[in-house]
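Each remark here refers to the structure printed beneath this line.
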Amino acid sequence: MFTTKQKSAMKPTLRISPTLLNEYASFINGDYEAWGKTQADFKEYVVGVRTPNVHFSRGTAVHSIMEGAELAENGQVYEPELDVTWQFTPDVIHSIRQYASTFDKAAHQVPLSEWIETPQADVAMFMRLDCLDGLTLHEFKTSSKEKRYSDYYTSLQWRCYLNALSDVDVVQYHIIQLPHVDPAKVLDKVKIYSYEYRREADNKQRIMQYLTPLVKWVLEDADMRSKLLVDFARMKADMSAIVQDVIDGQMNPTEARTKLSDIAGEYEQLHPHLRKCMQEIHGA
């Protein structure tokens, strides 16, 4: 958690996800050039509308199987975002579900948020963890190609997770390898294996190595800044007006609490002014 005092400098606030940070690292490290992509492609990734693709669609279908989707009983899983139906053999479905059953008692789809300070802006980073089992974090990935340990070692995703979870030191990546990404073909084979990554002493330093220059670039680019900027000043003003309405007797505290939470939205756990307003309403 951060405090109101930490926000006193009134730096701008940007919303940056581990996925976006990873994308920036790919751009900086030369992967974009190897893929035939440019700086304009990175900007489009930031400010453009995300379009569904077969890789994410298949991953969503696999997660549905792991969660026990009823349609999977017939070997088919409909994925609405891409508007396709993925086909699996009963043996593949059984193998995926049997593997997933190992984590039945763990917490799934766990929301996580963290506030990170950089010299030029504060970063509100929101994450959603696939599976948290005690002191081990599990992430499930789908792939058509054989994955090596090194393929995920450089990922900033798991490093961001560990940076936000001080008590967790191990992240296990589970790769569900399927033969193709063609919805027209039956997925008739599956290979499941895992790699373990542990917290390293320079974990936060590796994150900041990319986060700090990314923040600087975003602030200097009008399009990216507009896309990622969080208007906390506007939210704070709206919250203060609600508190004043309660003090003036124009709004009851129950309604005010609801409105305050609605304004804060998903930033509720990262917004110190919200807590201040709640306290003032409680005392009003």
Is it the case that more than 12 heavy atoms not belonging to Lys141 sit under 6.0 Å from its NZ atom?
yes
Under 4.5 Å between side-chain heavy atoms, counting indirect links through other Ile/Leu/Val/Met/Phe/Trp/Tyr residues: same cluster for Ile65 and Val186 or not?
no
For the hydrophobic clusters of this structure (ILVMFWY residues joined by side-chain heavy atoms under 4.5 Å, transitively), does one cluster hold both Phe56 and Val46?
no
Would you please indicate if the ring centroids of Phe27 and Tyr45 are separated by under 6.0 Å?
no
Any idea which heavy atoms bring Val84 and Ser57 closest together, and the distance?
CG2-OG, 3.6 Å
With the side chain counted from C-beta on, respond yes when Leu162 and Val171 share a heavy-atom pair under 4.5 Å apart, and no when they do not.
yes
Any side-chain heavy-atom pair from Gln157 and Glu139 closer than 4.5 angstrom?
yes
Taking atom NZ of Lys37 as the centre, does the number of heavy atoms from other residues, nucleotides or ligands within less than 6.0 Å exceed 12?
yes
Residues Arg257 and Glu255 bridged, charged N to O under 4.0 Å:
no
Heavy-atom check, side chain of Leu187 versus side chain of His180, under 4.5 Å
yes
So do the side chains of Leu211 and Val123 get within less than 4.5 Å of each other, counting heavy atoms only?
yes
For the residue pair Val62 and Leu178, what are the closest heavy atoms and their distance?
CG2-CD1, 3.7 Å
Other residues, nucleotides and ligands only: do more than 12 of their heavy atoms fall within 6.0 Å of CD on Glu146?
yes
Ring center gap for Trp217 and Phe42 short of 6.0 angstrom:
yes
Charged N to carboxylate O below 4.0 Å: is that the case for Arg50 and Glu81?
yes
Residues Asp83 and Tyr78: side-chain donor-acceptor under 3.5 angstrom
yes
Could you check whether any side-chain N or O of Gln172 sits under 3.5 Å from a backbone N or O of Thr136, counting only pairs where one atom can act as donor and the other as acceptor?
no
Is any side-chain heavy atom of Trp158 closer than 4.5 Å to one of Pro18?
no
Walk me through it: do Arg128 and Val110 pass the test side-chain contact (heavy atoms from CB on, under 4.5 Å)?
CA-CA 5 Å; Arg128 186 168 293 277; Val110 180; over 6 Å; no
Is a side-chain donor or acceptor of His108 paired with a backbone partner of Glu67 at a separation under 3.5 angstrom?
no
If we ignore hydrogens and angles and just use 3.5 Å, is the side chain of Asp202 paired with the main-chain N or O of Gln205 as donor and acceptor?
no
4.5 Å side-chain heavy-atom contact, Ser194 and Ile175
no
How long is the span from the CD1 atom in Ile176 to the OG atom in Ser95, to the nearest 0.5 Å?
10.5 Å
So, Arg198 and Asp169, do they make that salt bridge, N to O below 4.0 Å?
no
As an exercise, state the distance from OG1 of Thr60 to CG of Leu82, rounded to the nearest 0.5 Å.
9.5 Å
For Ile96 and Val190 the tightest heavy-atom approach is CG1-CG2, 4.3 Å
Tell me, with the steps shown, if Val215 and Ile16 meet side-chain contact (heavy atoms from CB on, under 4.5 Å).
CA-CA 9 Å; Val215 165; Ile16 296 176; 4.0 Å; yes
Is there a side-chain contact between Asp122 and Trp115 in this structure, where contact means two heavy atoms from C-beta onward sitting under 4.5 Å apart?
yes
Can you tell me if Tyr197 uses its side chain to pair, donor with acceptor, with the backbone of Tyr149 under 3.5 Å?
yes
Check whether any side-chain heavy atom of Ile242 lies under 4.5 Å from a side-chain heavy atom of Cys277, and answer yes or no.
no
Would you mind checking if Arg148 and Asp151 are paired as a salt bridge, meaning a charged N to carboxylate O distance below 4.0 Å?
yes
Hey, is Lys216 close enough to Glu220 for a salt bridge, meaning N to O under 4.0 Å?
yes
Output yes when a side-chain donor or acceptor of Asp248 lies under 3.5 Å from a complementary backbone atom of Asp245, and no otherwise.
no
Using ring centroids (six-membered ring only for Trp), state whether Tyr193 and His174 fall under 6.0 Å.
no
Between the side chain of Arg15 and the main-chain N/O of Val230, is any donor-acceptor distance below 3.5 Å?
no
Which heavy atom in Gln76 sits nearest to a heavy atom in Thr85, and how many Å separate them?
CB-CG2, 3.7 Å
Which atom of Leu132 lies closest to which atom of Ala106, heavy atoms considered:
O-CB, 3.6 Å
Is the number of heavy atoms from other residues, nucleotides or ligands within 6.0 Å of NE2 (His94) greater than 12?
no
Donor-acceptor pair, side chain of Asn29 and main chain of Asp31, under 3.5 angstrom:
no
Enclosure of Tyr152 OH (heavy-atom neighbours >12, cutoff 6.0 Å)
yes
Salt bridge check, Asp238 against Arg234: does any charged N sit closer than 4.0 Å to a carboxylate O?
yes
Counting only N and O atoms by type, is there a donor-acceptor contact under 3.5 Å from the side chain of Lys185 to the main-chain atoms of Gln87?
no
Show your reasoning for whether ring-ring contact (aromatic ring centres under 6.0 Å, His included) applies to Tyr24 and Tyr32.
CA-CA 9 Å; Tyr24 175 73; Tyr32 261 48; 9.7 Å; no
How far does CG of Leu129 sit from CG of Leu112, to the nearest 0.5 angstrom?
5.0 Å
Pair Ile281-Leu260, side-chain contact (heavy atoms from CB on, under 4.5 Å): steps then yes or no:
CA-CA 10 Å; Ile281 288 175; Leu260 287 171; 3.2 Å; yes
Polar side-chain atom of Asp130 near backbone of His138 as donor-acceptor pair, under 3.5 Å:
no
Report yes or no: do Tyr210 and Ile116 belong to one cluster of Ile/Leu/Val/Met/Phe/Trp/Tyr joined by side chain heavy-atom distances under 4.5 Å?
yes
Donor-acceptor side-chain pairing of Tyr161 and Glu114 below 3.5 angstrom:
no
Crowded around Gln250 CD? As in, over 12 foreign heavy atoms under 6.0 Å?
yes
Hydrophobic cluster membership, with links at side-chain heavy-atom distances under 4.5 Å among I/L/V/M/F/W/Y: are Trp86 and Tyr99 in one?
yes
With a 4.0 Å cut-off, would you call Glu79 and Arg58 a salt bridge?
no
Nearest 0.5 Å please: distance from the CE atom of Met208 over to the CG atom of Leu214.
11.0 Å
When you group the ILVMFWY residues by side-chain heavy-atom contacts below 4.5 Å and let the links chain together, are Leu165 and Val170 in the same group?
no
Please test Leu229 against Thr13 for side-chain contact (heavy atoms from CB on, under 4.5 Å), starting from the C-alpha separation and ending with a verdict.
CA-CA 6 Å; Leu229 188 67; Thr13 300; 5.7 Å; no
CG of Leu20 to OG of Ser17, rounded to nearest 0.5 Å, is 5.0 Å
Please report the closest heavy-atom contact between Gly48 and Lys227, naming both atoms and the distance.
O-NZ, 4.4 Å
To the nearest 0.5 Å, what is the distance between OG1 on Thr142 and CD1 on Ile192?
11.5 Å
Side chains of Ser143 and Gln177: do they bring a donor and an acceptor to under 3.5 Å?
no
Mark yes or no for whether Ser261, through its side chain, and Thr258, through its backbone, hold a donor-acceptor pair below 3.5 Å.
no
